[in-house]
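Data first, discussion second: the structure below is written as structure tokens.
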Amino acid sequence: MTKLSELPSFRIHLSQLLQQAALTLQIKSTLYIEISRTKQASHGDYSCNLAMQLAKALHKSPREIAGMLINAMPESAYVERIEVAGAGFINFFIRNDAKRIYLKHILQSGDSYGVSSFGDGEKIQVEFVSANPTGPLHVGHGRGAAFGASLANVLSKAGFSVTREFYVNDAGRQMDILALSAWLRYLALNQVSIPFPENAYQGAYVKDMARLIYEAHGDRYVHQPGLLLDGLPEAAHETAISTDEQLDRMIATAKKILGQDYAYIHNFVLTEQLGDCRNDLMEFGVEFDVWFSEQSLFDNGLVARAVRLLDEKKHLYRQDGALWFRSTEFGDEKDRVVQRENGHYTYFASDIAYHLNKFERGFDRVINVWGADHHGYIPRIKGALQALEQDPDNLKIALVQFAVLYRDGIKAPMSTRSGEFVTLRELRNEVGNDAARFFYVMRKSDQHLDFDLDLAKSQSNENPVYYVQYAHARICSVLAQWDGDAAMLVDADTGLLTSPAELALLQCLIDFPDIIETAAQELSPHVIAFYLRELASEFHSYYNSTHFLVPEVPIMEARLALVTSIRHVLKSGLELLGVNAPEKM
RNA sequence: GUGCCCGUAGCUCAAUCGGAUAGAGCACCAGCCUUCUAAGCUGGGGGUUACAGGUUCGAUCCCUGUCGGGCACGCCA
């Protein structure tokens with residue numbers, strides 16, 4: 001049995017041939033020899049632009065250099081012929097029987113085909129979603145979830161050791177607002193009427209949580225809410241106090257009134273929302289290895305430690321009573337506060353501690369999937385890492401543009417606070433998990449995504465995901481009707497596959513590992529989605545032009561070997577995107 | 001106002017980090033089911049890559065400017 005490692009990677013092989021040639025010709029160059037796939041069959045299978053890049057340094061024409069390189073190249077069992085074309089491209093034509101070796105490999109390795117050692121076991125963390133647990137996930141979070149999960153899968157398949165992490169913002173003001181909101185709704189259930197602030201959480205889920213508390217504990221948490229009103233100005237318009245400040249005062253008063261019981265309410269709403277979030281994501285096929293608590297950073301003294309470390313390295317100064325980090329020295333637009341005048345650490349401070357902690361946990365590389373609206377935050381967090389003597393280049397930020405939701409051709413409102421948004425759950429129920437996962441990663445992540453709800457809902461059958469799934473189901477159907485032993489196909493005479501369609505499909509299958517590598521390198525799972533459409537398209541075309549279950553057994557087996565290989569690749573590709581590969585549709 | 005991102009077919013988006021004749025889907029038009037699933041296939045029209053310069057063998061990609069759009073600019077998280 002042949003091992004996977006013996007598979008000829010044509011790209012690596014060709015680049016080695018060129019390297020040999022350059023050595024023979026005594027060409028000294030640090031140029032990276034890039035082998036790329038061609039777009040046209042007349043240009044062969046792979047091409048290289050090395051000759052053109054060398055032209056200037058060598059004072060020769062690109063075509064001349066290309067000819068020299070070709071002559072100096074060692075013989076190869078895989079290469080049928082090499083041509084100079086155009087301005088000086090070196091085009092490689094791979095022998096068909098060399099390509100056919102792949103079929104046997106794919107059939108032997110099955111769904112694990114495409115696994116590579118590209119990542120070399122490097123420890124890499126992907127942190128994504130990390131939504132405030134203050135309400136249901138909405139369609140914007142859905143994109144980050146689909147992107148992050150697919151990216152993590154791709155990296156894993158490409159040979160990285162991946163940890164999926166969710167950062168739980170359980171320590172901030174937003175959580176306090178949620179706790180207050182739930183308590184106020186709870187008081188209302190106890191016939192204690194206090195005006196509900198506009199900037200508190202309005203969603204129905206808050207009332208649901210209040211009811212749960214009420215049903216379990218009756219009036220136990222009512223206490224003396226009158227104080228809540230006493231602590232407030234009778235009418236906001238009489239003072240210059242902002243509604244935000246008003247809310248903060250209500251929170252402070254609530255904490256005072258409730259005492260120990262505040263922790264119960266706070267913890268209850270956090271647990272509820274986090275549990276809901278986890279369920280939602282699990283149903284979406286998105287799972288995490290680590291749920292990292294922001295509060296734990298405070299509890300373990302890591303925030304204070306991070307600030308102290310910055311201070312020891314003389315990157316902090318005090319001004320207007322607050323403690324500032326000199327982020328301007330690291331390329332930021334302005335310095336940033338890490339500890340406020342009132343002694344509280346800022347979110348930035350805990351974020352510094354968090355990111356330092358990531359690297360101290362031993363990750364070689366860290367990828368943060370952020371909403372694009374956070375782009376201004378990048379310089380300061382990288383600056384802080386640099387100040388703490390970590391290499392900021394080991395932190396990659398993958399910015400995901402928000403999905404803009406359209407309903408009836410109009411931009412739909414998306415405010416969590418007001419409760420007017422389309423939840424991820426709603427979307428999943430409407431269009432299905434598969435369509436949602438695929439749709440989310442069909443586009444490059446840093447492009448805006450126009451999510452037309454009406455289109456997604458009403459025309460869900462025309463969603464591109466079905467096209468790929470259909471190809472898989474068709475193959476399964478054919479194999480079921482054949483009713484033979486799939487293991488036998490490894491020995492099929494693949495030399496009988498000679499049509500242009502068959503050779504094109506073969507090449508498409510050979511590309512799969514390269515596609516995964518590209519997707520991993522560029523943090524772009526969308527190339528998987530595009531690849532799968534391409535492969536499905538080639539297959540559907542082949543299916544319509546060629547009958548598989550023919551009387552001539554050797555031909556039938558050869559075609560079934562090809563088709564079964566396609567099935568493996570479709571399945572593992574869809575798996576990367578978290579999409580099912582149904583056997584029937 | 002300052003900074004970052006974006007502008008590609010009627011619409012939604014690609015284009016292997018500077019490569020060869022810029023590609024798909026949707027929509028539109030014309031065909032294909034007595035045969036392994038028509039959620040499919042075949043063919044067709046569609047473009048001065050916002051605009052104007054520049055860099056070089058070669059530009060959708062890099063530089064400058066203009067126009068248009070998005071986002072960010074707190075001792076919020």
Side-chain angles (χ1 to χ4, degrees), chain A residues 34-40 42-43 47 49 52-53 55-56 61-63 85-89 91 132 134 169 171-175 177 244 248 294 319-324 333-334 336-348 350-351 371-379 399 401-402 404 442-444 446-452 455 459-471 473-482 511 514-515 517-518 521-522 524 526-527 529-530 533-534 536-537 539-550 556 559-560 563 584-585:
Chain A
E34 189 174 333
I35 308 291
S36 46
R37 281 294 323 280
T38 57
K39 288 175 186 165
Q40 293 175 54
S42 63
H43 294 156
S47 80
N49 62 358
M52 288 176 282
Q53 292 180 312
K56 196 170 239 178
S61 82
R63 291 190 67 102
F89 290 99
N91 291 339
N132 277 338
T134 53
N169 296 114
R173 176 171 178 263
Q174 296 305 321
M175 278 309 301
I177 297 175
D244 264 356
D248 284 338
E294 180 189 6
Q319 183 180 307
D320 303 332
L323 204 55
W324 298 72
E333 292 171 5
K334 54 169 290 193
R336 310 288 174 176
V337 172
V338 291
Q339 191 176 26
R340 297 201 287 265
E341 196 178 356
N342 63 14
H344 288 106
Y345 290 110
T346 58
Y347 177 84
F348 180 42
S350 53
D351 236 13
D373 53 334
H374 286 75
H375 71 263
Y377 198 73
I378 298 173
L399 290 179
Q401 290 283 351
F402 274 126
V404 184
M442 269 297 289
R443 277 140 188 82
K444 217 158 57 175
D446 60 358
Q447 288 289 350
H448 279 101
L449 170 60
D450 283 350
F451 211 121
D452 188 329
L455 187 78
Q459 303 190 358
S460 62
N461 276 356
E462 292 172 15
N463 197 298
V465 68
Y466 294 104
Y467 185 77
V468 179
Q469 289 181 317
Y470 187 49
R474 268 183 155 176
I475 295 172
C476 291
S477 174
V478 170
L479 293 174
Q481 285 168 66
W482 168 53
D511 288 338
D514 287 340
I515 293 291
E517 212 173 286
T518 303
Q521 197 161 20
E522 296 178 13
S524 300
H526 80 275
V527 306
F530 277 90
R533 283 180 54 112
E534 174 69 28
S537 168
F539 167 75
H540 283 309
S541 180
Y542 180 48
Y543 180 92
N544 275 274
S545 70
T546 310
H547 208 76
F548 308 151
L549 300 175
V550 291
M556 176 188 73
R559 288 177 182 168
L560 289 179
V563 158
K584 281 182 185 164
M585 284 177 74

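Just so it is clear: chains get the letters A, B, ... in the order the sequence lines come, proteins before strands, and each one is counted from 1.
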Checking all strands, does [X] fall into the base, sugar-phosphate, or nothing category for heavy-atom contacts under 4.0 angstrom?
X: S61(A); result: nothing
X: D511(A); result: nothing
X: Q40(A); result: base
X: S42(A); result: nothing
X: A480(A); result: nothing

What is the distance from [atom1] of [X] to [atom2] of [N], rounded to the nearest Å?
X: N49(A); N: A59(B); atom1: CG; atom2: C1'; answer: 15 Å
X: Y470(A); N: A38(B); atom1: OH; atom2: P; answer: 4 Å
X: R533(A); N: A24(B); atom1: CZ; atom2: P; answer: 11 Å
X: Q401(A); N: G7(B); atom1: CD; atom2: C1'; answer: 13 Å
X: F89(A); N: G58(B); atom1: CZ; atom2: C1'; answer: 8 Å

CG on D248(A) to CD1 on I177(A), rounded to 0.5 Å: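 Result: 7.0 Å between the selected atoms.
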Reported CD-to-CG distance for the pair Q521(A) and D514(A), which is rounded to 0.5 angstrom: 11.0 Å
H547(A) aromatic ring stacked with six-membered ring of C36(B), 5.5 Å and 30°: yes
On a whole-Å scale, what distance lies between the [atom1] atoms belonging to [N] and [M]?
N: G46(B); M: G10(B); atom1: C1'; result: 9 Å
N: G23(B); M: C32(B); atom1: P; result: 29 Å
N: G7(B); M: G47(B); atom1: C1'; result: 15 Å
N: U55(B); M: G65(B); atom1: C1'; result: 15 Å
N: C71(B); M: C13(B); atom1: P; result: 15 Å
N: G53(B); M: U60(B); atom1: P; result: 14 Å
N: C5(B); M: C41(B); atom1: C1'; result: 40 Å
N: C62(B); M: A77(B); atom1: P; result: 37 Å

Where protein sits on nucleotides 10-16 of chain B, one letter per nucleotide: B base, S sugar-phosphate only, - none, heavy atoms under 4.0 Å: --SSSSB
Letter per nucleotide, 5' to 3', of nucleotides 72-77 of chain B [B base touched, S only sugar-phosphate touched, - untouched; heavy atoms, 4.0 Å]: S-SBSB
U37(B) phosphate, OP1 or OP2, under 4.0 Å from S477(A) side-chain N/O: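 Checking U37(B) against S477(A), a side-chain N or O does come within under 4.0 Å of OP1 or OP2.
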Syn/anti state of C33(B) by chi, 90° boundary around 0: syn
Among C36(B), G19(B), U56(B), the nucleotide that comes nearest once only the side chain of Q481(A) is considered: C36(B)
Closest to the A85(A) side chain, choosing from C57(B), G25(B), A20(B): A20(B)
Paired stretches of RNA chain B - 3 or more consecutive Watson-Crick or G-U pairs, each distance under 3.5 Å: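 Looking at RNA chain B, the stems formed by three or more consecutive pairs are B:1-7 with B:67-73, B:10-13 with B:23-26, B:28-32 with B:40-44, B:50-54 with B:62-66.
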Can you sort out the partners of [X] under side-chain contact (heavy atoms from CB on, under 4.5 Å), two or more places apart, ordered by chain and number?
X: A473(A); result: M585(A)
X: N342(A); result: R340(A), H344(A)
X: A480(A); result: none
X: T518(A); result: E522(A)

Non-neighbouring partners of R37(A) that pass salt bridge (Lys or Arg N to Asp or Glu O under 4.0 Å), sequence neighbours left out: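 Per chain and number, R37(A) pairs via salt bridge (Lys or Arg N to Asp or Glu O under 4.0 Å) with D511(A).
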Salt bridge (Lys or Arg N to Asp or Glu O under 4.0 Å) involving R474(A) - partner list, sequence neighbours excluded: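 Partners of R474(A) under the salt bridge (Lys or Arg N to Asp or Glu O under 4.0 Å) test: none.
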Between S350(A) and E294(A), a side-chain donor and acceptor under 3.5 Å: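 The criterion, which ignores hydrogens and geometry beyond distance, is satisfied for E294(A) and S350(A).
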Flag side-chain contact, heavy atom, 4.5 Å: [X] against [Y]:
X: R559(A); Y: Y542(A); result: yes
X: T346(A); Y: R336(A); result: no
X: N169(A); Y: Q174(A); result: no

Taking every non-hydrogen atom, the tightest pair across A87(A) and P62(A):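 Shortest heavy-atom contact: O-CB, 3.2 Å.
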Minimum heavy-atom distance S47(A)-T38(A), with the two atoms named: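 Heavy-atom minimum between the residues: CB-CG2, 3.8 Å.
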Identify all pairs in which a protein N or O lies below 3.5 Å from an N or O of nucleotides 41-44 of chain B, and state each distance.
unit_1 : atom_1 : unit_2  : atom_2 : d
C41(B) : OP1    : Y467(A) : OH     : 2.3
C41(B) : O4'    : N544(A) : ND2    : 3.0
U42(B) : OP1    : S541(A) : OG     : 3.0

Any residue meeting ring pair (Phe, Tyr, Trp, His ring centres under 6.0 Å) with H526(A), in chain and number order, not counting sequence neighbours: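 Per chain and number, H526(A) pairs via ring pair (Phe, Tyr, Trp, His ring centres under 6.0 Å) with F530(A).
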Sequence-distant partners of Y543(A), ring pair (Phe, Tyr, Trp, His ring centres under 6.0 Å), two or more places apart: F539(A), F548(A)
